[in-house]
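By convention in this document, chain letters (A, B, ...) are assigned in the order of the sequence lines, proteins followed by strands, and residues within each chain are numbered from 1.
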Amino acid sequence: MRRMNVEKHYYLMLLPGMVWLVLFSIVPMAGIVMAFQNYNPGAGLLKSPWVGLDNFRYMFQLSDSRTVIVNTFIIAIGKIVLNLIIPLVFAILLNELRHLRFKKLVQTVAYLPHFLSWVIMATIVIGIFGYYGVVNTVLGMFGVSPQLFMADAGIFRQLLVGTDVWKEFGYNAIIYLAALTGINLNLYEAAAIDGASRWQLIRNVTLPAMTTTVVLLGVLSLGNVLNAGFDQVYNLYNPLVYSTGDILDTWVYRLGLQNLQFSLATAAGLFKSAISFVLIVVSYRLAYRYADYTVF
Amino acid sequence: MKRTMATMLAAFMLGLSLTACSSSNSTNTDAQAPAESSGPALSGDDLAFYRFPEPVDVHIGMPVDPTDKTLPAGDSVSNNQYTRYLKEKYNINVIVDWTAATGNDFKQKVSLTIASGKLPDGMVVDDRSFMTKAASSGLLYDITDLFQQYQSTQVKDIMESTGGRAMDNASYKGRMVSLPNITVDTDGVHLLWIRKDWLDKLGLPVPKTLADIEKTAQAFKDGKLGGANTIGIAGPSKNTFPYATFLTSSNNLGGFDPLFGAKDAYPGYWLDNGDGSVTYGTLTEQTKETLATLADWYKKGLIDPEAGTRDNVGDPINANQTGIFFGPWWSGGYGNGDSFKNDPTANWQAYPVYTDDGKWNAHMKTTGSTYTLISKNAKPDVVKAILIMNNALVRDEATFDLSVAVGWYPLRNVMAAANETEYEYAELLKVLKGETQAEDYNVPNSLYKLMYADAKKVKDVIKPPYDELNVSNFNTANFGDFQRLYSLLIGDRPFSTVPIDKKVFSVTYNQTPTMETKWANLKKLEDETVLKIILGQAPIDSFDKFVKDWKAQGGDEITAEVAELLKK
Amino acid sequence: MVQSKTFGSRAFDGANYVLLALLLFSCLYPLWYTFCVSISDKAAANAGLVTIYPIGFSLASYKEILGDALFFNSFWISIQRTVLGTGLSLFVSVLMAYPLARPSREFRLRNVFMWILVFCMLFSGGLIPWYLTVQSYGLINSIWALVLAGGLPVFNVILIMNFFRNLPKELNEAAVVDGAGPWAILFRVYLPCSIPVLAAVALFIGVYHWNEFFNGLVLMNTSDKYPLQTYIQQLVVNIPTGTNLTPDQYKKLSELSNRTLNSAKVFIAMVPMLIVYPFLQKYFVSGIMLGAVKE
């Protein structure tokens with residue numbers, strides 16, 4: 001009896017959030033039918049003609065779809081891997097600092113770029129890597145002729161990954177720094193007594209202690225292999241680098257909002273959503289089974 | 001807060017049926033509304049400039065230039081000298097439903113409006129595919145009959161000056177569903193713009209052929225005439241293209257159109273082979289050769305190293321870093337105003353580029369490429385109001401105070417007689433030489449709507465001698481007037497005085513059915529290949545692979561469709 | 001820690017200091033660079049001459065911004081959006097997190113709701129259906145679209161829920177014995193213990209709302225409704241597609257680019273973040289820990 005009573009309050013507590021979810025997440029999902037229609041804005045969702053899987057078939061015929069899927073994978077995986085490694089290195093180096101105020105300063109400042117939007121970062125990146133940007137001015141001092149970094153399809157992916165890692169390395173290091181403080185100091189002392197050098201300490205004590213964290217974070221980021229970062233790419237790319245820099249999200253955006261291919265765009269978006277969903281479920285399962293880690 | 005939540009819940013219930021209601025709306029008005037008009041028994045220009053007894057609200061969507069500074073303080077997009085003029089003279093209330101920055105943002109807004117099927121009463125789009133998509137979805141008002149009733153004589157004359165091309169352009173399946181944009185033919189004829197003062201400084205003649213231009217660009221660069229960072233030849237920006245194409249066949253500032261023409265190449269145009277077949281101009285051997293030349297120039301550092309990536313075509317030109325660029329008649333004067341501000345001696349002159357055997361070849365444009373769309377759900381009075389707004393703009397544009405950019409005029413979609421600039425060039429010279437007087441042009445509702453205003457001010461702006469006009473002849477005190485007259489008298493001189501040896505028209509300036517799904521992809525393939533070849537990021541041989549890919553990915557299919565058009 | 005002062009160790013320390021100092025510089029430089037450009041001479045800035053110190057000195061940009069009503073307007077909209085969005089999200093998330101933190105024997109449908117939440121977090125209907133929905137609610141051009149249309153940040157609910165679950169069970173039991181109902185337990189017992197996680201979540205939501213530009217672009221109809229990031233984006237990043245402009249439109253577009261002015265705007269847009277985040281540092285650090293690594 002009491003339980004019924006209490007549960008009533010629980011439903012009440014869930015109500016506002018559920019309304020929000022229904023209004024802005026679940027209702028729009030009805031629009032997914034568009035992917036199986038030839039959507040005609042004049043007729044609306046209910047009266048547009050059905051075309052089955054035609055949009056998906058056509059999508060895979062386009063050479064663009066292959067390009068953007070490949071690009072998305074390469075860029076996203078590049079980011080995932082480097083965003084695991086670089087922050088780890090940074091955290092370890094930071095941990096080796098003994099000047100505490102300097103350590104605190106570096107830490108605080110390293111978090112900074114994470115808090116700035118890609119709109120702002122893009123203007124800065126262009127200011128630095130543009131033709132009349134800082135990098136070219138500096139290269140010019142060494143007699144190197146200016147390079148077109150922002151328009152060179154050969155290096156655009158590296159630029160994306162690089163700027164992303166630079167923006168996030170400090171922030172991503174937070175978890176590692178916490179894990180580092182959790183390492184038993186006795187282990188270091190024992191090793192030091194055995195005459196281990198600093199490098200050996202890092203290799204034989206620090207790194208092994210960090211393995212679980214790294215693996216866990218790696219597994220959990222599996223769901224991101226189709227997320228190459230819309231905000232970043234949208235604010236940085238141009239037609240010259242589509243061949244290497246165009247990703248699923250920007251492609252979907254252009255199909256829908258520049259080329260008026262509403263159904264095709266929705267189909268491509270659905271494709272991405274579905275794959276990501278599966279990957280995330282898999283990653284959660286893996287994390288649970290091997291690290292006994294539950295997300296919820 | 002509570003109330004919002006409640007209304008949102010209600011909206012959610014409605015939301016389940018989503019666009020169902022909007023679709024029923026549009027079918028309701030399917031009946032031909034235009035015929036029964038609440039208007040008075042007027043005709044001709046009385047009807048075309050009719051003042052509504054009751055205010056008429058016109059809802060519009062509008063592109064806005066976020067950097068514009070010409071609007072006086074206190075004025076806004078929906079309350080400025082142009083909207084007040086419409087209110088006073090015609091009792092039209094302009095209500096701006098939405099705005100977006102010119103360019104991609106505006107396109108995005110238009111896409112969303114079309115996707116939701118809820119068009120404002122009127123909006124001007126800059127891509128024909130937007131018009132056809134809206135028309136094929138049944139979102140547009142059939143203005144065929146109302147336009148016949150409500151067009152002013154001026155508008156009628158202008159439409160006729162295109163020989164039916166403008167009407168075709170504005171129609172979908174034989175019905176007129178938009179107001180076309182009609183621009184002067186010269187907008188599509190691209191010229192060599194060069195700093196004559198730099199030529200004189202180096203004692204060089206005006207270059208005529210590609211070889212001449214190469215030498216001149218090298219000389220400008222070697223002489224560092226534009227400072228340490230002198231650029232030989234300006235190129236396209238990241239959003240413009242190396243050449244105009246059949247879909248956007250004019251106003252390509254910073255492209256290389258005249259260079260292609262001088263090699264008898266017409267990339268981006270559908271060429272009639274004369275035997276019932278058509279060729280897409282980009283695929284020809286001549287285009288390949290021209291690309292090889294451009295790549296060679298780029299490698300030699302003669303072309304702007306930032307070509308294809310700049311934000312803005314005009315930057316190096318306005319900064320006087322370069323002495324050579326290509327563009328239509330208005331690109332010197334209107335197009336590079338800051339160049340004159342930064343260097344009053346910048347003597348930009350316009351010339352054709354010739355083939356090695358001295359011929360001037362030019363590709364020609366379509367009538368216009370922007371469209372005023374009117375919503376199917378607009379009331380007949382609103383449609384009439386929009387037609388009247390267009391008539392009024394055509395008649396009165398010359399009388400407006402242009403210190404407020406005329407881009408603020410609601411639903412501005414330019415209509416000009418196709419030969420307006422040539423006419424003005426010839427007549428303005430007559431005024432200057434005293435052969436005619438400004439008052440001779442005081443003809444109300446003239447087809448050449450800006451002529452009288454220009455004739456009145458031409459002598460204030462241009463000082464004698466009139467035989468050979470240089471920048472030193474011009475007075476820049478009223479900068480707007482200076483720009484207009486400079487463009488007319490310098491920029492339009494070649495087209496008005498030098499006969500074009502070969503005018504090339506595209507077989508079509510519109511999309512065929514297959515293009516609606518496949519063109520975006522082919523165009524992308526083409527743009528990438530061309531730009532990469534020019535910038536040396538791909539070898540010239542990649543051109544052959546491009547031709548093969550282009551044909552395989554739908555190009556052959558589309559070529560067949562275009563050839564069909566020839567038969568009609 | 002025992003230190004062996006060998007040469008290698010000292011060399012390592014030296015290199016480490018240099019490396020981290022360089023990183024420090026790399027994170028501060030963009031800020032400094034933007035600032036330098038914003039106070040430099042216009043011509044020098046446009047020519048790309050500014051690298052590590054301002055060239056010339058001019059406050060013209062800042063003076064111009066002072067007279068730019070749209071800029072301040074968008075700044076104000078961003079503040080409203082951030083405050084409303086953060087407050088509302090936080091409140092709703094806390095309410096949701098509490099029942100979900102109950103074990104399923106106490107709340108039978110707990111797992112069903114959990115799955116709905118996760119499904120919503122991972123799956124979306126796509127841009128165009130989403131736009132049509134928001135439009136059908138009549139929210140286009142309203143601040144509530146900015147606040148609500150991004151959806152409920154489910155991840156934050158999970159974060160708070162995890163925090164609640166880790167609170168000692170005795171807290172709950174004692175309160176029940178005292179006769180407190182669920183609302184009293186949540187607000188009088190749980191919340192006072194949860195300040196760190198609430199602060200962290202508030203920061204996450206606040207940063208999202210402050211930095212988000214795309215919804216502003218899509219859902220707002222006029223530039224006087226744009227939040228700050230959208231305002232900057234359309235000014236700095238959106239470039240007109242140039243081929244069929246009319247001459248007089250073109251005339252204006254050809255004006256020299258405004259690097260100094262734009263830099264000044266970007267710099268001002270960064271300031272609120274610079275001021276806020278160092279103070280919240282300890283909270284977001286603990287917040288991330290809650291989200292990622294549990295015991």
*Asks:* Please name the pair of heavy atoms, one in Leu21(A) and one in Cys120(C), separated by the smallest distance, quoted to 0.1 Å.
*Replies:* CD2-CB, 3.8 Å
*Asks:* Please look at Trp166(A) and chain C and tell me whether the side chain, the backbone, both or neither of the residue comes under 4.5 angstrom of a heavy atom of that chain.
*Replies:* side chain
*Asks:* Rounded to the nearest 0.5 Å, what separation is found between the CZ atom of Phe119(C) and the CE atom of Met29(A)?
*Replies:* 5.0 Å
*Asks:* Does OH in Tyr11(A) sit with more than 12 non-hydrogen atoms of other residues, nucleotides or ligands closer than 6.0 Å?
*Replies:* yes
*Asks:* Would Lys103(A) and Leu20(C) count as a side-chain contact (heavy atoms from CB on, under 4.5 Å) here? Give the steps.
*Replies:* CA-CA 9 Å; Lys103(A) 182 174 169 183; Leu20(C) 289 174; over 6 Å; no
*Asks:* Evaluate the side-chain contact (heavy atoms from CB on, under 4.5 Å) criterion for residues Leu23(A) and Leu148(C): first the C-alpha distance (whole Å), next the side-chain angles of each, then the deciding distance (0.1 Å), finally the verdict.
*Replies:* CA-CA 9 Å; Leu23(A) 285 177; Leu148(C) 297 171; over 6 Å; no
*Asks:* Go through the steps for Tyr171(A) and Tyr277(C) under the test ring-ring contact (aromatic ring centres under 6.0 Å, His included), then give the verdict.
*Replies:* CA-CA 12 Å; Tyr171(A) 195 75; Tyr277(C) 94 90; 9.7 Å; no
*Asks:* Where on Ser276(A) is there a heavy atom nearer than 4.5 Å to chain C: the side chain, the backbone, both, or neither?
*Replies:* neither
*Asks:* Please look at Ser93(C) and chain A and tell me whether the side chain, the backbone, both or neither of the residue comes under 4.5 angstrom of a heavy atom of that chain.
*Replies:* neither
*Asks:* Out of Phe123(C), Phe267(C), Tyr131(C), return the one with the most heavy atom pairs under 4.5 angstrom to chain A.
*Replies:* Phe123(C)
*Asks:* Under a 4.5 Å heavy-atom cut-off, does chain A meet the side chain of Leu24(C), its backbone, both or neither?
*Replies:* both
*Asks:* How close do Glu7(A) and Glu106(C) get, counting heavy atoms only, and between which atoms?
*Replies:* OE2-O, 3.5 Å
*Asks:* So, taking the atom named CD1 in Ile128(C) and the one named CG in Leu45(A), what distance separates them when rounded to the nearest 0.5 Å?
*Replies:* 11.0 Å
*Asks:* What I'd like to find out is whether the side chain of Val134(C) reaches to under 4.5 Å of the side chain of Phe24(A), using heavy atoms alone.
*Replies:* yes
*Asks:* Please state whether the side chain, the backbone, both or neither of Met273(C) comes within less than 4.5 Å of a heavy atom of chain A.
*Replies:* side chain
*Asks:* Is it the side chain or the backbone of Leu93(A) that comes within 4.5 Å of chain C heavy atoms, both, or neither?
*Replies:* both
*Asks:* As an exercise: rank Leu152(C), Val276(C), Thr51(C) by heavy-atom pairs under 4.5 Å with chain A and give me the winner.
*Replies:* Leu152(C)
*Asks:* Would you give the length of the straight line joining atom OG1 of Thr123(A) to atom CG of Asn262(C), rounded to the nearest 0.5 angstrom?
*Replies:* 8.0 Å
*Asks:* Under 4.5 Å from any heavy atom of chain C, what part of Leu94(A) do you find: side chain, backbone, both or neither?
*Replies:* both
*Asks:* When you compare the side chain of Leu14(A) with that of Leu100(C), does any pair of heavy atoms fall below 4.5 Å?
*Replies:* yes
*Asks:* Do you know the tightest heavy-atom contact between Trp20(A) and Ser89(C)?
*Replies:* CH2-OG, 3.5 Å
*Asks:* On a heavy-atom basis, which atom in Ser124(C) and which in Ile32(A) lie closest, and how many Å separate them?
*Replies:* O-CD1, 4.1 Å
*Asks:* Compare every heavy atom of Ser9(C) with every heavy atom of Arg198(A), then report the nearest pair and how far apart it is.
*Replies:* NH1-OG, 2.7 Å
*Asks:* Please classify the contact of Leu105(A) with chain C as side chain, backbone, both or neither, using a heavy-atom distance under 4.5 Å.
*Replies:* both
*Asks:* So, taking the atom named OH in Tyr234(A) and the one named CG in Leu217(C), what distance separates them when rounded to the nearest 0.5 Å?
*Replies:* 5.5 Å
*Asks:* For chain A, which of Trp183(C), Trp210(C), Phe214(C), Tyr98(C) has the most heavy-atom pairs under 4.5 Å?
*Replies:* Trp183(C)
*Asks:* Specify which of Val106(A), Thr108(A), Ile280(A) makes the most heavy-atom pairs with chain C at under 4.5 Å.
*Replies:* Thr108(A)
*Asks:* With a 4.5 angstrom heavy-atom cut-off, is it the side chain or the backbone of Thr230(C) that approaches chain A, or both, or neither?
*Replies:* neither
*Asks:* Please classify the contact between Leu116(A) and chain C as side chain, backbone, both or neither, with a heavy-atom cut-off of under 4.5 Å.
*Replies:* both
*Asks:* Could you state the interatomic distance from CG (Leu127(C)) to OG1 (Thr266(A)), rounded to the nearest 0.5 Å?
*Replies:* 8.5 Å
*Asks:* Compare every heavy atom of His9(A) with every heavy atom of Pro182(C), then report the nearest pair and how far apart it is.
*Replies:* CG-CB, 3.7 Å
*Asks:* Below 4.5 Å, heavy-atom pairs only: which of Trp130(C), Phe12(C), Tyr29(C) has the largest tally toward chain A?
*Replies:* Phe12(C)
*Asks:* Heavy atoms only, distances under 4.5 angstrom: which of Trp118(A), Phe230(A), Trp199(A) has the most pairs with chain C? Name it, please.
*Replies:* Phe230(A)
*Asks:* Heavy-atom distance under 4.5 Å to chain C: side chain of Ile202(A), backbone, both or neither?
*Replies:* side chain
*Asks:* With a 4.5 angstrom heavy-atom cut-off, could you sort out which part of Val266(C) is near chain A: side chain, backbone, both or neither?
*Replies:* both
*Asks:* For Gln281(C), which atoms come within 4.5 Å of any heavy atom of chain A: side chain, backbone, both, or neither?
*Replies:* side chain
*Asks:* Quick check on the interface: out of Ile26(A), Leu12(A), Asp231(A), who has the most heavy-atom pairs with chain C under 4.5 Å?
*Replies:* Asp231(A)
*Asks:* Examine whether an atom of Phe204(C) lies under 4.5 Å from a heavy atom of chain A, and if so say whether it belongs to the side chain, the backbone or both; otherwise answer neither.
*Replies:* side chain
*Asks:* Does any backbone or side-chain atom of Leu186(C) lie under 4.5 Å from a heavy atom of chain A? Answer side chain, backbone, both or neither.
*Replies:* side chain
*Asks:* Checking Met18(A) against chain C: side chain, backbone, both or neither under 4.5 Å from a heavy atom?
*Replies:* both
*Asks:* Look up atom CZ in Phe115(A) and atom CG in Leu203(C), then write down how far apart they are to the nearest 0.5 Å.
*Replies:* 5.0 Å
*Asks:* Under a 4.5 Å heavy-atom cut-off, does chain A meet the side chain of Val154(C), its backbone, both or neither?
*Replies:* side chain
*Asks:* Can we call the ring centroids of Tyr10(A) and Phe113(C) under 6.0 Å apart?
*Replies:* no
